[in-house]
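Computed from heavy atoms alone, side chains included, the values below leave out hydrogens, waters and symmetry copies. Counting from 1, the numbers follow the sequence of the chain as shown. The structure presented is a predicted model; accordingly, all values stated were derived computationally and were not measured.
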Amino acid sequence: MKIDFALILSVLALLTGLIWLADKVLFEKRRLSGNAEAKDPVLVEYAKSLFPVIFLVLALRSFLAEPFRIPSGSMMPNLLIGDFILVNKFDYGIRLPVLNRKIIEMGEPERGDVVVFRYPGSKELGKDDPAAGTDYIKRVIGLPGDTVSVEENRVSINGVPFTYEETGVFVGQGVSSDMSGASIVLETMPDRSHAMLELDGIPLGYRNNNTWIVPQGHYFVMGDNRDRSADSREWGFVPEANLVGRAMRIWLNCSGWLCVDGFDPSRIGNKIE
């Protein structure tokens, strides 16, 4: 079940704000009638106390930064299951909470950005996909108008290939141990590079090799764990309207309930690149 915290906070802010506003109107009437010292009902006291807090949290989450938790290994080795991250909410434009409608233009994603977005649904089901609207995180590979070619995990953009260098072997711990032994490959695109994982022994032709032309207003995204990521190769492009923000930093790593599956303090504060 998907929990929409923005919707919950918006409803609570609206309710407590209306109660606070109504109390101000009633207080003025009591003052004029000479009964200004009458005690507020408990509901009004709670609303007056909670409204500023709820409104501040809603504003911070909606317009500055929002926390997310990484639920899967599709962005390994850079993001691990159990990483808690902060997402910049203004780099790609200021959007209204809940509606996610852009009201102020700020900027657009750049190639290589790690972005959080609302999953648009599979190509077959679209918005009828039960997972549609779920928050996903991937790396931007193709920009609007690009021709993206992928052949055995090697990417070319508009006919120009990225460069690749194998740099080591991944050794996972805890919930990340199932990817131990995978190759760590440095993928270099113009002006940026990052590590990705690649499983050895994948038969030729098994991977989703194809060429795509990215429509205007859309983005082609891929996970860094290339052989364990469902992404644009499988379900298509991300509409600009579905963007939530740019992943900035890891603020906690805690796997499992109460960190029973592991806690790694060394990841706290790491920049997401």
Does [X] use its side chain to pair, donor to acceptor, with the backbone of [Y] at less than 3.5 Å?
{"X": "N100", "Y": "V244", "value": "no"}
{"X": "N158", "Y": "T147", "value": "yes"}
{"X": "K89", "Y": "R61", "value": "yes"}
{"X": "K102", "Y": "Y92", "value": "yes"}
{"X": "D129", "Y": "S122", "value": "yes"}
{"X": "D227", "Y": "E198", "value": "no"}
{"X": "D200", "Y": "S183", "value": "no"}
{"X": "S232", "Y": "F220", "value": "no"}
{"X": "S62", "Y": "A59", "value": "no"}
{"X": "R249", "Y": "G269", "value": "yes"}

Could you measure the distance from the [atom1] atom of [X] to the [atom2] atom of [Y]? Nearest 0.5 Å is fine.
{"X": "E165", "Y": "T188", "atom1": "CD", "atom2": "OG1", "value": "7.5 Å"}
{"X": "S229", "Y": "Y136", "atom1": "OG", "atom2": "OH", "value": "9.5 Å"}
{"X": "F117", "Y": "L243", "atom1": "CZ", "atom2": "CG", "value": "8.5 Å"}
{"X": "I54", "Y": "I8", "atom1": "CD1", "atom2": "CD1", "value": "11.0 Å"}
{"X": "F5", "Y": "S10", "atom1": "CZ", "atom2": "OG", "value": "13.0 Å"}
{"X": "F51", "Y": "L18", "atom1": "CZ", "atom2": "CG", "value": "9.0 Å"}

Basic-acidic side-chain contact under 4.0 Å: K123, E234: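 Salt bridge: no.
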Carboxylate-amine/guanidinium proximity below 4.0 Å for R118 and E240: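 Looking at E240 together with R118, the answer is no, because their closest N to O distance does not fall below 4.0 Å.
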What pair of heavy atoms forms the shortest contact from [X] to [Y], and how long is it?
{"X": "G142", "Y": "V148", "answer": "CA-CG2, 3.9 Å"}
{"X": "A195", "Y": "L186", "answer": "N-CD1, 4.2 Å"}
{"X": "I268", "Y": "W251", "answer": "CG2-O, 3.6 Å"}
{"X": "G159", "Y": "P161", "answer": "O-CD, 3.6 Å"}
{"X": "S176", "Y": "F170", "answer": "O-CE2, 3.6 Å"}
{"X": "I85", "Y": "A247", "answer": "CD1-CB, 4.0 Å"}

Side chain proximity check, [X] to [Y], heavy atoms < 4.5 angstrom:
{"X": "T211", "Y": "E151", "value": "no"}
{"X": "K138", "Y": "M222", "value": "no"}
{"X": "V238", "Y": "H218", "value": "no"}
{"X": "L86", "Y": "E66", "value": "no"}
{"X": "I137", "Y": "V115", "value": "no"}
{"X": "Y219", "Y": "E108", "value": "yes"}
{"X": "T16", "Y": "W20", "value": "no"}
{"X": "L64", "Y": "F90", "value": "yes"}

Trace of the salt bridge (Lys or Arg N to Asp or Glu O under 4.0 Å) decision for R69 with D83: CA-CA 6 Å; R69 181 181 182 275; D83 280 343; over 6 Å; no
Cluster question for you: counting only ILVMFWY and a side-chain heavy-atom cut-off of under 4.5 Å, with indirect links fine, are [X] and [Y] together?
{"X": "L12", "Y": "L58", "answer": "yes"}
{"X": "M75", "Y": "V185", "answer": "no"}
{"X": "I250", "Y": "F68", "answer": "yes"}
{"X": "I157", "Y": "V214", "answer": "yes"}
{"X": "L143", "Y": "M189", "answer": "no"}

Centroid-centroid under 6.0 Å between W235 and Y119 rings: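 Ring centres of Y119 and W235 closer than 6.0 Å.
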Side-chain H-bond candidate by donor/acceptor type, N78 with E273, under 3.5 Å: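 Per modelled atom types, N78 and E273 side chains form no pair under 3.5 Å.
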Test log, rule side-chain contact (heavy atoms from CB on, under 4.5 Å), inputs D23 and K48: CA-CA 9 Å; D23 176 69; K48 290 167 69 173; 3.5 Å; yes
Test log, rule side-chain contact (heavy atoms from CB on, under 4.5 Å), inputs F162 and I141: CA-CA 10 Å; F162 294 167; I141 299 296; 4.2 Å; yes
M179 and N225: CA distance, side-chain angles, deciding distance, side-chain contact (heavy atoms from CB on, under 4.5 Å) verdict: CA-CA 9 Å; M179 288 303 297; N225 191 353; 3.3 Å; yes
Reference residue D113; test side-chain hydrogen bond (donor to acceptor under 3.5 Å, both in side chains); the match among R192, R139, R246: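 The option that passes is R192.
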E187 vs R154, salt bridge (Lys or Arg N to Asp or Glu O under 4.0 Å): CA-CA, chis, key distance, verdict: CA-CA 9 Å; E187 179 177 64; R154 302 300 183 254; over 6 Å; no
Atom CZ of F55: over 12 foreign heavy atoms under 6.0 Å: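 Check fails, neighbour count at 12 or below.
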V150 and N210: CA distance, side-chain angles, deciding distance, side-chain contact (heavy atoms from CB on, under 4.5 Å) verdict: CA-CA 6 Å; V150 181; N210 211 330; over 6 Å; no
